[in-house]
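Order of the sequence lines sets the chain letters (A, B, ...), proteins ahead of strands, with each chain counted from 1.
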2 protein chains.
Amino acid sequence: MKTRDKILLTSLDLFNERGERNTTTNHIAAHLGISPGNLYYHFRNKSDIIYEIFQEYEKLVDYYLEIPQDRPLGLDDMMFYLESVFDGLWSYRFLHRDLEFLLGNDARLREDYRQFTGRCLASIKQIFSGLTDGGLFEAQADELKDAMSLNVWLVITNWMAFLKTAHAGDSTDSITKDQLKQGIFQVLTLEMPYLRDAYREEVMSIRERYRPELIGTGDEDSVLSGFSRMR
Amino acid sequence: MKTRDKILLTSLDLFNERGERNTTTNHIAAHLGISPGNLYYHFRNKSDIIYEIFQEYEKLVDYYLEIPQDRPLGLDDMMFYLESVFDGLWSYRFLHRDLEFLLGNDARLREDYRQFTGRCLASIKQIFSGLTDGGLFEAQADELKDAMSLNVWLVITNWMAFLKTAHAGDSTDSITKDQLKQGIFQVLTLEMPYLRDAYREEVMSIRERYRPELIGTGDEDSVLSGFSRMR
DNA sequence: CTATTATTAGAGTATATACTCTAGGGAGTC
DNA sequence: GACTCCCTAGAGTATATACTCTAATAATAG
């Protein structure tokens, strides 16, 4: 594998594990067993590494959110969208974690991310429409779809930050992919009231599969105690 | 005013304006017209300043979320809670912006914030219950209240991050308090399906008062275009 | 007034970290 | 061998920033 690609992969790994802010370029180079000079031969600066990783993420999510035009959407589609989006979120979780700072330091990234958000919101709304056509949801006013889509976006993008908050442990990255996916439970909660009766029961039982377990030390001290009890 | 208090106030201002990560202790001292030595006479380190500010925030929000035990809650109460919480969010907005890093660097803060989150979630749930008793909402299963409360929390705490994202401008703090309060629109959207019919119309008209305007340059390039059109 | 304590100034330091610079190795081509 | 091009090493630098140290000054108490 080319050094350039190795740098990207290792950077992503380290960013995800320790956060971008705690990952230096020297650290990346050391972890790869290459010299700082070598790293800077392949990338002008740290921002360029981050930006390139972001573009990968963008492509991935755009791909995940593609919408078939030839048919309405069904429950399977919805779950596939959710699983995919949370997968992407997991693979590039450092982005949402350090977003504020990253956007503040790179105008390109800021503008790209803004447009990316716009595309995601539009896709979510289209998915809603598709699912409504497919009979999953009751028909809703257009403005409500907007507001709902935005809420879905807020829940999805903030779920990991919440997990880290709720987690008692030290600062090491101890969130698991499974825990992340429990965000799907929250999204389904959001959508529940709009389900057609015919689907309600089925969705509810799918939702149960994602119900968050107790988080943290596993005892009564957890933030989620009394919120999401284990079955 | 005591130097110590001036340091806290100025720090809060600078943190809110430029972010904690971009505000150095030397900068704080310079802004106050005092020496770094003086600042460090009053605070052992930067973390201590942040921690003390956080404790103020904690107290404020805990106070806002107090729940009257002698009566059920009404629509006025709900709006008061929302307005208050978003006020607090505004005054200490740097906290939620740089939370990841702050928690990662201070174990005290991490643990306190975890418990704070727990208290907030419990309060939100109690408010729901109070409002249900007051006839505003249909009765709901307990686990649903948990999940709903969590979603409300996610939307509230993530709203500002979203605003900054959606905002096209440069990295300076250009979000206004009014824009922040438009998060109330999103929270009310979340609650709508659970309203009793008797209150639906009234809440909907209150909700309209918070409807987000187009954000950003004010033209068709906005992230929110096609989502939240102006009336 | 004097002794003590609280506060302040301001130069200075230790450390971290993004990034640079020079020298050179290796592989292909003539 | 010599030339070229891509890649790499690694010491080094410029800068930022949290924090320290000493000495001086104000405030207070006896």
Side-chain angles (χ1 to χ4, degrees), chain A residues 1-54 94-95 97-98 100-110 171, chain B residues 1-54 94-95 97-98 100-110 171:
Chain A
M1 181 185 289
K2 296 226 175 223
T3 301
R4 191 186 153 82
D5 294 328
K6 281 197 264 181
I7 293 173
L8 288 173
L9 279 182
T10 299
S11 298
L12 178 57
D13 277 356
L14 293 178
F15 289 163
N16 279 336
E17 270 166 39
R18 323 151 101 86
E20 178 273 337
R21 198 168 174 176
N22 302 313
T23 306
T24 73
T25 49
N26 288 347
H27 197 117
I28 296 167
H31 202 265
L32 270 168
I34 67 173
S35 63
N38 195 354
L39 186 148
Y40 279 91
Y41 170 78
H42 290 285
F43 292 93
R44 268 203 4 263
N45 51 43
K46 196 181 177 186
S47 278
D48 276 8
I49 299 178
I50 295 165
Y51 187 62
E52 204 144 317
I53 293 177
F54 168 72
F94 88 94
L95 276 175
R97 245 165 53 183
D98 296 322
E100 275 299 323
F101 182 79
L102 297 175
L103 297 189
N105 278 22
D106 188 334
R108 276 177 312 180
L109 195 59
R110 188 160 56 244
S171 66
Chain B
M1 181 184 290
K2 296 226 175 223
T3 302
R4 193 188 150 81
D5 295 328
K6 281 197 264 181
I7 293 172
L8 288 173
L9 280 182
T10 300
S11 298
L12 178 57
D13 277 356
L14 293 178
F15 288 163
N16 279 337
E17 271 166 38
R18 324 150 100 84
E20 178 274 337
R21 200 168 174 176
N22 302 314
T23 306
T24 74
T25 48
N26 289 347
H27 197 116
I28 296 167
H31 202 264
L32 270 169
I34 68 173
S35 63
N38 195 357
L39 185 147
Y40 278 91
Y41 170 77
H42 290 284
F43 292 92
R44 270 203 2 265
N45 50 44
K46 196 180 176 186
S47 280
D48 277 6
I49 299 177
I50 295 165
Y51 187 62
E52 204 144 317
I53 292 176
F54 169 70
F94 88 94
L95 276 175
R97 244 166 54 185
D98 296 323
E100 274 302 322
F101 181 78
L102 297 175
L103 297 188
N105 277 21
D106 188 336
R108 276 178 313 181
L109 195 59
R110 188 162 56 245
S171 66

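- A/D13 has no carboxylate O lying under 4.0 Å from a charged side-chain N of A/K6, or vice versa, which leaves the two without a salt bridge.
- B/H27 is listed as a side-chain neighbour of B/R18, based on a closest heavy-atom distance under 4.5 Å.
- Using a 4.0 Å heavy-atom cutoff across all strands shown, B/I34 reaches sugar-phosphate atoms only and no base atom.
- Between the CG atom of B/D48 and the P atom of D/dT20 there is a distance of 11 Å, given to the nearest Å.
- When the side-chain nitrogen and oxygen atoms of B/S35 are compared with OP1 and OP2 of C/dG10, none of them lie within a distance under 4.0 Å.
- Computed from coordinates, the B/N26 CG to C/dA14 C1' distance equals 14 Å when rounded to whole Å.
- Backbone-only engagement by B/H42 is indicated by non-hydrogen atom pairs under 4.0 Å involving sugar-phosphate atoms exclusively.
- With the nearest nucleotide of DNA chain C identified for both A/N38 and A/N22, A/N22 has the one nearer the 5' end.
- Surrounding NE2 of A/H31 are at most 12 heavy atoms belonging to other residues, nucleotides or ligands under 6.0 Å away.
- In this structure, the CD1 atom of B/I7 is 10 Å from the P atom of C/dA9, given to the nearest Å.
- With hydrogens and angles ignored, the 3.5 Å screen pairs a side-chain donor or acceptor of A/R97 with a backbone N or O of A/N16.
- B/I53 has its side chain within reach of B/F94: a pair of non-hydrogen atoms, C-beta onward, lies under 4.5 Å apart.
- Note: CZ (A/R4) to P (D/dC6) measures 15 Å, nearest angstrom.
- Distances shown here put a side-chain N or O of A/T25 below 4.0 Å from the OP1 or OP2 atom of C/dA18.
- As rounded to whole Å, 11 Å separates atom P of C/dA18 from atom CG of A/N105.
- Phosphate contact (OP1/OP2 of D/dT20, side-chain N/O of B/Y40, threshold under 4.0 Å): absent.
- In this entry the distance linking CG of B/L14 with P of D/dT17 reads 13 Å, nearest Å.
- Whole-Å rounding puts the B/K46 NZ to C/dA16 P distance at 17 Å.
- Atom P of nucleotide C/dT17 and atom CG of A/N45 are separated by 17 Å, given to the nearest angstrom.
- Considering only the side chain of A/T3, D/dT8 comes nearest among C/dA9, D/dT8, C/dA6.
- Between B/Y41 and C/dT7 there is a side-chain polar atom (N or O) within less than 4.0 angstrom of OP1 or OP2.
- With distances taken from any side-chain atom of B/T24 to the nucleotides C/dT17, C/dA11, D/dA18, the minimum falls on D/dA18.
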